[in-house]
Amino acid sequence: MSDSVLNRLTDVFSQAFADAGFPAELGAVRESDRPDLAPFQCNGAMAAAGVLKKQGEKANPRDIASKIVEAVSGHSAIAGLEIAGPGFININPNEELVAARANDLIADPRTGATLVKPLKVVMDYGGANVAKPMHVGHLRSAVIGEALKRLFRFRGHEVIGDVHLGDWGLQMGHLISELEDEQPGLVYFDSDVTDGYPSESPVTMEDMARMYPAASSKAKEDETRMKRSQAATAELQAGRPGYRALLDHFISVSIEYLKQGYGDLGVTFDLWKGEASVDPLIPDMIEEMEAKGITEDSDGALIIRVDEGYDSEKRKGLPPVMLKSSAGAVLYHTTDLATLVDRKKEIDPDLILYIVDQRQATHFKQVFKAAEMAGWYNLEQMEHLGFGTVNGQDGKPFKTRDGDALRLSDLTQMMRDAAAKRLDESGIGLDYDESERRDIANKVGMAALKFADLQNQRLTNYIFDIERFTAFEGKTGPYMLYAAARMKSLQRNAAEKHVAAGDIQISHQSELQLVLALDAFDKAVQKTEVSRAPHILCEHLFRVAQAYSRFWSDCPVLKDEVPIDVKSSRLALSNLTLKQLELGLDIIGLEVPERM
Ligand code: ARG
């Protein structure tokens with residue numbers, strides 16, 4: 001496989017800088033800030049002048065730039081050079097080189113994307129809680145986590161996605177005690193019975209969604225009610241068989257529901273483990289930590305001091321990890337540590353990525369530090385990838401009119417409806433049958449939602465704006481799908497007219513720009529991996545779609561007057577663009593309809 005045009009140019013300039021006695025790295029070529037002047041630039045002359053000045057020599061960056069230009073001009077990779085400003089070198093690549101690269105990209109099923117030495121990676125994302133309906137707060141972890149999982153797989157890594165359900169806290173005690181109030185005669189509450197429980201769940205998802213908030217608000221006002229929830233939690237955690245059986249029902253009913261909700265978003269998991277599943281590991285884990293001398297008793301609670309500089313009064317540093325409360329309950333820290341033990345034993349991963357709300361940053365710092373102190377992992381093996389919140393127009397976390405968190409199923413339905421309305425307004429698919437229209441609206445709606453999320457820097461909050469997300473113009477999911485659908489339609493029309501794809505030649509500036517945009521795929525994918533930042537890939541795909549748009553208006557493909565070899569070349573270029581867009585959109589979880 002050939003190298004990208006940018007890398008080829010970097011080779012040429014690095015050699016020139018080295019020959020002139022400078023560090024070769026100064027020859028790094030990058031995409032230009034002024035693409036209207038030239039697609040690439042090299043800014044090494046300024047740094048080179050700095051090097052000379054440090055050595056006490058006089059140096060003018062423009063002179064250095066001229067020397068470099070002189071050295072590289074005439075090279076077969078270069079069509080034109082120009083020095084601008086204090087010593088920027090603008091570079092136009094040779095068109096034949098660009099065309100040759102385009103033809104290599106066509107031959108590569110990955111359109112230029114390289115593979116990396118594989119690591120075994122666990123991704124912890126989703127993180128929904130048992131017995132609670134999914135709401136807008138669960139959106140980002142699912143969407144970002146799924147995109148990163150697919151991207152890491154595309155890079156060649158082995159990735160295991162784990163939903164890590166929240167199923168081991170007070171919410172379980174609330175539910176159990178609430179159920180006892182509602183149906184005290186159930187066999188699960190008879191302490192004389194220890195097995196042979198019914199296989200049918202006594203509650204549905206809707207029951208739980210109603211019971212949990214009811215119990216929780218009662219407990220907030222009534223201390224004895226709270227005590228009963230706490231006692232039920234403690235008995236569950238101590239292994240009372242009837243309560244364990246109830247928990248198993250709660251979990252399996254929830255998983256069935258969650259599979260549907262995540263499925264609507266195109267999000268899947270390899271593991272459906274959770275906090276409860278690692279509970280059996282906790283006693284041995286705590287024993288090991290005690291034996292290693294890293295635990296401490298603090299007013300009856302068992303803690304690990306993870307930061308010597310911690311000062312609770314000055315609120316400085318990292319508070320201790322809580323392994324066990326003074327009441328003997330295990331906590332969120334404990335289950336996350338036990339999960340690390342479980343993953344070490346079952347998977348032994350090189351890397352674990354947690355895609356979880358940024359508001360949990362301190363929690364993960366504490367957990368990672370404790371896991372390092374226990375000697376299980378290095379700190380570099382565990383990363384918390386936080387993200388910001390989805391806000392309403394008021395800039396506060398998005399809520400319904402009644403002040404509740406918006407259910408995820410309502411949110412996805414809103415997106416589908418908005419997409420259907422947009423499609424109708426744009427006159428798209430008016431003559432398609434109903435099921436195809438529904439399919440397109442679904443794909444467009446989900447694309448709008450996911451792209452709007454992923455194109456932001458992970459850590460920024462963003463405002464949920466359904467009008468903007470579903471627009472066909474601008475940096476949106478619908479725009480991306482529309483571009484790809486247009487390429488599919490060109491492919492069909494070409495087949496009908498018996499035009500076959502051929503060798504790519506460059507005859508127009510818009511063709512050149514499109515190839516160069518496509519040629520940046522590998523770099524974008526690599527950067528996305530290194531920074532764990534899907535917005536970089538989104539930006540790349542958007543640029544490709546924009547370059548295609550220009551190509552589309554400047555370069556007719558199937559018009560009668562276009563010579564046949566140009567037709568074939570342009571069709572090939574369009575097909576290459578489609579292939580790359582489909583690869584990239586699939587990574588970020590967007591599905592392209594056959595037509596729009
Ligand atoms: N269930 C948690 C929550 O709702 C998120 C779980 C994230 N993953 C983890 N390993 N702690 O906040």
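Heavy-atom basis, side chains included; hydrogens, waters and symmetry copies ignored. Counting starts at 1 for both ligands and their atoms, in listed order.
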Side chain, backbone, both or neither: which applies to [X] and ligand 1 if a contact is any heavy-atom pair less than 4.0 Å apart?
{"X": "D336", "value": "side chain"}
{"X": "N129", "value": "side chain"}
{"X": "W168", "value": "neither"}

Atom indices of ligand 1 within 4.0 angstrom of [X] heavy atoms, with elements:
{"X": "F364", "answer": "9 (C), 11 (N)"}
{"X": "Y332", "answer": "2 (C), 5 (C), 6 (C), 7 (C), 9 (C), 11 (N)"}
{"X": "Q360", "answer": "3 (C), 12 (O)"}

Please check if the distance between the ring centroids of Y262 and Y257 is under 6.0 Å. no
Using modelled atom types and a 3.5 Å cut-off, is there a donor and acceptor pairing between side-chain atoms of K132 and backbone atoms of P213? no
With respect to E178, which candidate in R225, R228, R210 satisfies the salt bridge (charged side-chain N to carboxylate O under 4.0 Å, His left out) definition? R225
Output yes when D297 and R305 qualify as a salt bridge under the 4.0 Å nitrogen-oxygen rule, no when they do not. no
Is any side-chain N of the basic residue among E346 and K273 closer than 4.0 Å to the acidic one's carboxylate O? no
Please report whether ligand 1 has a polar contact with [X], defined as an N or O pair separated by less than 3.5 Å (distance criterion only).
{"X": "V356", "answer": "no"}
{"X": "E275", "answer": "no"}
{"X": "H363", "answer": "no"}
{"X": "Y354", "answer": "no"}

Closest protein heavy atom (residue, atom, distance) for atom 8 (N) of ligand 1: D124 OD1, 3.0 Å
Test item: side-chain donor near acceptor, T204 and D207, under 3.5 Å: yes
Sequence neighbours left out, what passes side chain to side chain contact (heavy atoms under 4.5 Å, CB included) with N442? Give chain and number order. R416, M446
Of all pairs that satisfy salt bridge (charged side-chain N to carboxylate O under 4.0 Å, His left out), the ones with a partner from residues 320-333, not counting sequence neighbours: none
